Amino acid sequence: MTSSTRYACLLALLTSACGSSPTAGVEAPVPEQAPAEADAPGAWTAQRLARSGEGYDSTATGFCSIDAAERVVCWGAAWGVAPRTVEGLDDAVEVVATPTHVCARRRSGEVACSRRGGGDAEVVLEDTVDVAALGYELCAVTRAGEVTCWGGPWSEDHPSWRRFRGAVERSHAMAGTPETWRRRARLDGLTDAVALRASGPAAAPRWCALRRSGAVTCWGVDEEAGPLEGIGDALDLTLAGPAPCVLRRAGGVVCEEAAAPGETSMWRAIPQSSDARAFVRGAPLRDAEVCARVAAGDLACWHADDRFTPPLPEGLTDLTEVAPVREPDAVRGAARADGLPEAGCAATPRGPWCWGPLAAAGRAPEAARGPVAPVGLSDVVELTAGDWHTCARRRSGEILCWGRNAYQALGEPTYDPRAEDAVPAVASPTPLATPEGARVFAGATDVCAVDARGRVACRGQVAHAMEAGGAAPDDGWVPAVGLTAPERLVTGVYTLCGLRRSRVSCAGRDVRQPGPQPLEVPNRFAPLAALGPAVDLSAYANQICAAGRDGRVRCVGSYVVGRRGDARAAMELPAIRGATRVLLGERRVWVLAEGHVRALAEEAEPPFASLEEGDGWWYGELPGIDDAVDLTPSCALRDGGAVVCWGWLARLLGAETFHPVTVPLEGAATQLVGAPGHACALLDNGQVRCWGDDRFEQLGDGPAARWLDTPVAVDGEWTGG
């Protein structure tokens, strides 16, 4: 359907000439959406746009939109820069947001809401045709034409709520109380509404409804619901500040002019607006302005008596909705002095785009003259992960890390070893100052780097063991000598080991002794011949295991998977053949052998089909996997890029048992890293997805959650348009 056809249908809405129900909502015509460009940042279609925030604090602003699959996605503030899908808000045709909730009107007419930052969605209202939000308050128009509201922080004696039947006592605490937040009240006397708009500060809202007759009814803190006189042929409705503006069926735009108390409002015709075809939804770009699509499909805006080109970045002409950010006066003044547009975001057929200083929770560049798209971490070529932190190397060579920052492993100088519970976390990918040209390897609580000349240095807990009482260099990196250009580095609590040309060497403490005895020179690598020629290496606590060239797994340490270590020789693990990858954990070892995932443990555990293998060892193989190419302690990467997880991560991802479940990713994975509680996958487009335990913010998507059962995009940056 073309824009002109849609417009003709809207004009005939009241006579049902296009097959529309007399109770259907008035939908403003929008330009036909162009196909999303596959290579464009934010390449999903943003069909609707919503903004939420605490008061006018732009640093608390979040945005939500709808993608091409009719899912709600949010970013900024509690969500992070990378747009995150809000579970349960599917089949969405409209989205609104408050400081505490995001709600979607589904194609079926249901309005479902989810707590901001994530949470189970619940259906609040059914059979609706429009929904709007302002502050904490949400209102919807039902198919019967009634207006029902909920979620507002007002008490029943507040003027804004006197108009409702059965209003219940409300307070600011209601915003966080599910038992009271969903209680609803109905606007008295309005039974033929078809659309709803709201504007103004949360403490003094102005609401207006477009009625089936073409009349407009408005209400607010200081006024009862009542029709505005002089308007009876409105086709579309918007609010320019607190003033309603309507697009008349006869053509042209008129806006209400403020009247003195006790006097009737007047309507002012907007010059040069006769070719307006539909309002651009969303808050005005500037105070008291109105924007519309004109006959040619271009965007035109009016302020007072002047028609002007809106202050948008160059090239952003296809927006369908806008959501500006009201910034502090000092910031707004500086933006104007620099010729910058005031901060905001827009929905377009190419996805969401934002502009201006402090756009989208302050994460945009300080001088964003052109549109930028919120995206996840991209251009990644390699991942590495410890127990509670992850690092990524980008194509440029930049190293970014996020997660728990024990022993200053991630570079933040805030660690206090006496306050273990106060170990800080790095919530989003943060550059780590590394030696030039470095690759990094993450240990349990460490990060080690190999620079362009092959030299090794570490920071974190193992660096303290290598210091042997000395002080760390000013940059925090403790060098380890005697091994150049290792292919792999692993760390235990006291030991750093490297693999180069099949030979294993270690620095720090001697794992073969009953206790953590220091090597002769703690920061010098010494050969560990007991492990023999090896193809892979793993460490846990004071234990080291290697997958040998012969496909067998050998370990050394004072205590290895339930067995006392032998200072004279390595212990060979039974029933393991063909191993190419080994992972050592607490009381268990995982092995990748000829595409199969196998485990050796002190006791049987699902989902491995376990059998006793001599002297109390339990050996098992993961069922249904014969094409694995990499693994973590909880997940495996299959040939072709699929990822499967088992155990508690499988249950978290929705499996009814502990058996393997495929992880829902948005592309093929090329690398998999993680720990028993979480995993991260590098996709073939250079982006990163993480899931699982987020208590130490090791998933990198912004504020911490306890567990995330859906892979999330790691926080990224703004990509220029």
Side-chain angles (χ1 to χ4, degrees), residues 42 44-54 57-107 110-122 124 128 130-140 151 175 196-198 202 280-283 319-326 343-354 359-364 372-376 701-703 705 710 712-713 715-716 718:
W44 43 270
T45 301
Q47 301 173 356
R48 285 284 187 258
L49 189 67
R51 173 173 61 90
S52 68
E54 295 283 355
D57 180 7
S58 60
T59 63
T61 301
F63 292 93
C64 294
S65 189
I66 301 174
D67 68 9
E70 297 185 340
R71 301 170 301 185
V72 172
V73 290
C74 298
W75 68 96
W79 306 95
V81 172
R84 181 195 298 179
T85 301
V86 182
E87 293 300 314
L89 301 187
D90 47 2
D91 297 325
V93 294
E94 192 166 4
V95 60
V96 294
T98 77
T100 58
H101 289 77
V102 55
C103 302
R105 182 170 62 87
R106 292 173 171 155
R107 191 170 296 282
E110 292 179 337
V111 175
C113 298
S114 176
R115 287 193 62 83
R116 184 179 175 194
D120 295 335
E122 66 168 313
V124 180
T128 67
D130 201 9
V131 63
L134 184 63
Y136 289 91
E137 188 176 359
L138 300 107
C139 295
L196 194 62
R197 304 289 183 263
V280 174
R281 291 190 57 170
L319 60 86
T320 56
E321 289 193 37
V322 295
V325 175
R326 186 180 294 272
C345 287
T348 78
R350 296 172 291 126
W353 296 88
C354 301
R363 303 298 295 274
V372 288
V375 296
D701 69 325
T710 301
V712 294
D715 237 353
W718 297 88

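Values in this document were obtained by computation on a predicted structure and should not be read as measured data.
- The side-chain heavy atoms of V102 and V72, taken from C-beta on, include a pair separated by under 4.5 Å.
- Of the inter-residue distances, the one linking D130 atom CG with R105 atom CZ reads 6.0 Å to the nearest 0.5 angstrom.
- With sequence neighbours excluded, the residues forming a salt bridge (charged side-chain N to carboxylate O under 4.0 Å, His left out) with R71 are D67, listed by chain and number.
- C103 is listed as a side-chain neighbour of L138, based on a closest heavy-atom distance under 4.5 Å.
- L89 and A112 make their closest contact through CD2-O, 3.5 Å (heavy atoms, listed as atom of the first residue, atom of the second, distance).
- Shown are C64, S114, C113; of these, the side chain to side chain contact (heavy atoms under 4.5 Å, CB included) with V86 is made only by S114.
- Contact between A133 and T98 at its shortest, heavy atoms only, is CB-CG2, 4.3 Å.
- Listed by chain and residue number, nothing satisfies the salt bridge (charged side-chain N to carboxylate O under 4.0 Å, His left out) test with D91 (two or more places apart in sequence, or in another chain).
- Nearest heavy atoms, I66 versus A92: CG2-O, 3.7 Å.
- The two atoms that bring V95 and S65 nearest to each other are CG1-CA, 4.1 Å, heavy atoms only.
- Side-chain contact between D90 and E70 is absent, with no heavy atoms from C-beta onward closer than 4.5 Å.
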